[in-house]
Amino acid sequence: MKYPKIPLAQSLLEICEAKGIQHIVISPGSRNAPLTLGFTNNPFFTCYSIADERCAAFFALGIAQQINKPVVVVCTSGSAVLNFYPAVAEAFYSMIPLVVVSADRPLDKVDIGDGQTIRQENVLANHTLYNANLTEMASEENDIKINEAFNTAILKSGPTHINVPFEEPLYELVDARTVDALIVPLSKEEEICSLEEIFAATNIWNTAKKKLILVGTLPPNSIELQIINHLANDPSVVVLTETTSNLHHPNFIPHIDTLITPFSDTDFKEFQPDILVTFGGMIVSKRIKSFLRNYQPEHHWHIDSLRAYNTFGCLSHHFKTTPQLFFEKFLMYVIYKDSCYQNQFLTILKERLSKHETYLNTIDFCDLKVFEQLSTCFSDTIQLQVSNSSAIRYTQLFKFNSSVPVFCNRGTSGIDGSTSTAIGAAVASQKPTVLITGDVSFFYDSNALWNNYIPKNFKIIVINNGGGGIFRILPGHQENDTFHTYFETSHCLTAESIAKMYSFGYYTASDAASLDKSLKSFLSDSDTPQILEIFTPTFENDKCLKNYFKWLS
């Protein structure tokens, strides 16, 4: 095995291997040559070459999302590292471990007019948990910083940045390591949440008649079935789940907006909880956030081992543990409270869903009808990735197969890396993966398809409504040139040429019958990845959705 001659590169590689960090995503360049040669010459590492740095970072994010371990993404010097930033911000807010390793020129080359040189130190600092600015020579101080960057990503589940200056020559290799790096072991903190805290909370819980549990983004199988059943069978508890929560029970309410959008002021007051318990990541539903900010509970508890956001302006306690460990202890002291809270709102939901079915039977083909068809077509074997904006919001209105795990980049809610993330996730999980995305998100991230790692069982559903359809739903929509050009970004593009360029199979649909027919072929086994492009009526989608909520009223 060959090693880079530069001792600093050897140290970083040795520490990375010692931490068990295997997946390395590399964008091309010269200044990062010592790292590229070192990683690719060591059989311990699984390396990926992704030319576009933005796509590379989101691809790495997708892998880390699935394996829940740090993934390293490597780039050359200059503006390359800036293209990692969108994925770094997503990793920060989604709490996904990602380690950025940027090669740099020596400090004395910065700001003197040298090529491909910017101020790289701390350039990602606003959205990283730790920044290791290394010096050129291998040293114990550098080793400590490298260890801290890897350990922080592992223990605090978020992005870190290691900036590594290299002087030429860059490509020389040696047959043996010339340094022995310092390896600093992980020192995991004990759970801070005490039994006394939990016991005190149960005293409040057991006297309340209206408890609302709101679950954000969660990995599948985060909560054991026994706990799910306990919460579902408590008549004083309403559990609201989102598509990305991956938490299911017949007594849980996954259709948040369908339930609460038609509420009157009296309904909102009836629904206002005494206690709100939240766990999981970011919430999609704007309506539930607005409700809880206007009708605040007396107590808001958030459960997370690392972080708690005061999303509703009334956070009263942060239980620093995992939801699973919290409920294991908490439910030991809980007694069911006689209450009609759950039954009342499950009854309302049943009425809403009846109207939901009736309305869908009355409308023509549109985005809403597309998601109705998609909600019933996926087998238990797939993984579902969903892009942001309209796509994830439409999924919230339907019940998808509960055996299908659902993922979405909800940390920053950006459309920029959905396809790249989905491909990285598909590579890591090795499961058949379907991405549902809007047209703008798909075209924006089309470089995601520029790599050699896309599994043949990866499939993309592009819902093409001719622009940013979500802007037609938001306040401020007007039919004029400014809206069409600068908000909706109207276009006449299709994915057909992109599919051909990257050797994807390509299907189209423009009505319910053609969609049903295309889905059967599209979802079958194939030797190449596939794209299904569904064309929906630009000027009807927003009307169908707005009328949907009116109909529920």
Side-chain angles (χ1 to χ4, degrees), residues 62 65-66 215-225 228-229 231-232 239-259 280-281 284-285 346 349-350 352-354 356-357 360-361 367-388 390-410 418 421-422 425-426 428-438 455 457-463 507 509 512 515-526 529-532 534:
Q65 174 202 84
Q66 295 296 306
V215 189
T217 302
L218 274 183
N221 305 312
S222 295
I223 308 293
E224 291 180 359
L225 183 59
I228 291 172
N229 288 335
L231 296 173
V239 180
L240 300 179
T241 63
E242 298 209 303
T243 306
T244 54
S245 72
N246 294 298
L247 208 61
H248 306 278
H249 190 279
N251 287 355
F252 290 176
I253 297 177
H255 312 282
I256 298 174
D257 288 356
T258 300
L259 174 71
V284 175
S285 171
L346 285 177
L349 178 65
K350 187 177 179 180
R352 297 270 196 273
L353 292 178
S354 177
H356 167 100
E357 295 295 331
L360 287 166
N361 289 331
D367 285 350
L368 196 62
K369 289 290 285 186
V370 167
F371 278 88
E372 180 189 26
Q373 286 184 255
L374 294 181
S375 68
T376 61
C377 73
F378 299 125
S379 70
D380 295 354
T381 60
I382 76 148
Q383 170 195 132
L384 188 61
Q385 295 273 336
V386 185
S387 76
N388 273 302
S390 294
I392 189 60
R393 296 190 185 280
Y394 273 111
T395 63
Q396 299 269 97
L397 303 177
F398 295 90
K399 184 178 169 104
F400 283 74
N401 184 341
S402 61
S403 299
V404 173
V406 181
F407 300 90
C408 178
N409 286 346
R410 288 307 298 174
S418 298
T421 302
S429 70
Q430 299 183 341
K431 293 183 67 172
T433 298
V434 177
L435 167 67
I436 302 176
T437 182
N457 58 7
F458 179 73
K459 302 177 189 293
I460 304 174
I461 297 173
V462 181
I463 300 168
Y507 298 85
L515 177 55
D516 187 60
K517 181 179 178 182
S518 291
L519 276 170
K520 287 182 173 63
S521 301
F522 171 76
L523 292 172
S524 62
D525 293 339
S526 61
Q530 307 288 312
I531 292 175
L532 167 59
I534 307 169

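Side chains included, hydrogens not; waters and symmetry mates left out as well; all remaining heavy atoms used. Bear in mind that the values here come from a model prediction, so they are computed numbers and not experimental data.
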Can you check whether Leu374 reaches Phe398 side chain to side chain, under 4.5 Å on heavy atoms? no

Determine whether a donor-acceptor pair (N or O, by modelled atom type, separation under 3.5 Å) exists between the side chain of Asn246 and the backbone of Pro405. no

In terms of heavy-atom contacts, Cys408 and Thr244 come closest through CB-CG2, 3.9 Å

Side-chain donor or acceptor of Lys517 paired with backbone N/O of Ala509 under 3.5 Å: no

Atom CG of Leu532 and atom CG of Leu519: how far apart are they, to the nearest 0.5 Å? 5.5 Å

Non-hydrogen side-chain atoms of Leu523 and Cys377 separated by less than 4.5 Å: yes

Within this structure, what is the OG-CD1 distance for the pair Ser418 and Ile460, rounded to the nearest 0.5 Å? 11.0 Å

Considering residues at least two apart in sequence or located in another chain, which fulfil the side-chain contact (heavy atoms from CB on, under 4.5 Å) criterion with Asn221? none

Gap separating the CG atom of Leu240 from the CG atom of Leu349, nearest 0.5 angstrom: 9.5 Å

Which residues pass the side-chain contact (heavy atoms from CB on, under 4.5 Å) test with Gln430, not counting sequence neighbours? none

For Thr243, all residues meeting side-chain contact (heavy atoms from CB on, under 4.5 Å), sequence neighbours excluded: Thr395, Gln396, Val406

In terms of the angle between their ring planes, are Tyr507 and Phe522 parallel, tilted or perpendicular, with boundaries placed at 30° and 60°? perpendicular

What closest approach, in Å, do Gln373 and Leu515 show between heavy atoms, and which atom pair accounts for it? OE1-CD2, 3.4 Å

Show every salt bridge (charged side-chain N to carboxylate O under 4.0 Å, His left out) that has at least one partner inside residues 370-383, sequence neighbours left out. Lys369-Glu372

Quick one: pull up NZ in Lys459 and OG in Ser524 and give me the separation to the nearest 0.5 Å. 6.0 Å

Atom CG of Asp525 with >12 non-hydrogen neighbours under 6.0 angstrom: no

Are any of the side-chain heavy atoms of Gln66 and Gln383 separated by less than 4.5 Å? yes

Minimum heavy-atom distance Ile228-Ile223, with the two atoms named: CD1-O, 3.6 Å

Looking at Thr437, Ile392, Ile436, which hits side chain to side chain contact (heavy atoms under 4.5 Å, CB included) with Ser387? Thr437

Looking only at heavy atoms, what is the nearest atom pair of Val284 and Arg393, with distance? O-NH1, 2.8 Å

His248: ring pair (Phe, Tyr, Trp, His ring centres under 6.0 Å) partners, not counting sequence neighbours: none

Verify side-chain contact (heavy atoms from CB on, under 4.5 Å) between Thr421 and Gln65, making sure each step is shown before the conclusion. CA-CA 9 Å; Thr421 302; Gln65 174 202 84; 3.9 Å; yes

Less than 4.5 Å apart, any side-chain heavy atom of Asn457 and any of Thr433? no

Taken to the nearest 0.5 Å, the spacing of Ser403 OG from Ile382 CD1 works out to 11.0 Å

Do Phe407 and Pro220 have side chains that get closer than 4.5 Å, going by heavy atoms? yes

So, taking the atom named CD1 in Ile531 and the one named CZ in Phe458, what distance separates them when rounded to the nearest 0.5 Å? 9.0 Å

Main chain of Asn409, side chain of Asn388: is a donor-acceptor contact present, judged purely on distance under 3.5 Å? yes

Shortest non-hydrogen contact between Arg352 and Thr258, atoms and distance: CD-O, 3.1 Å

List for me each residue that meets ring pair (Phe, Tyr, Trp, His ring centres under 6.0 Å) alongside Phe400, sequence neighbours excluded, and say none if there are none. none

Looking only at heavy atoms, the pair that brings Asn251 and Ala232 closest together is ND2-O, 3.0 Å

With the side chain counted from C-beta on, respond yes when Asp257 and Leu397 share a heavy-atom pair under 4.5 Å apart, and no when they do not. yes

Do Glu242 and Ile256 make a side-chain contact, defined as non-hydrogen atoms from C-beta onward lying under 4.5 Å apart? yes

Is the shortest side-chain heavy-atom distance between Gln530 and Ser521 below 4.5 Å? no

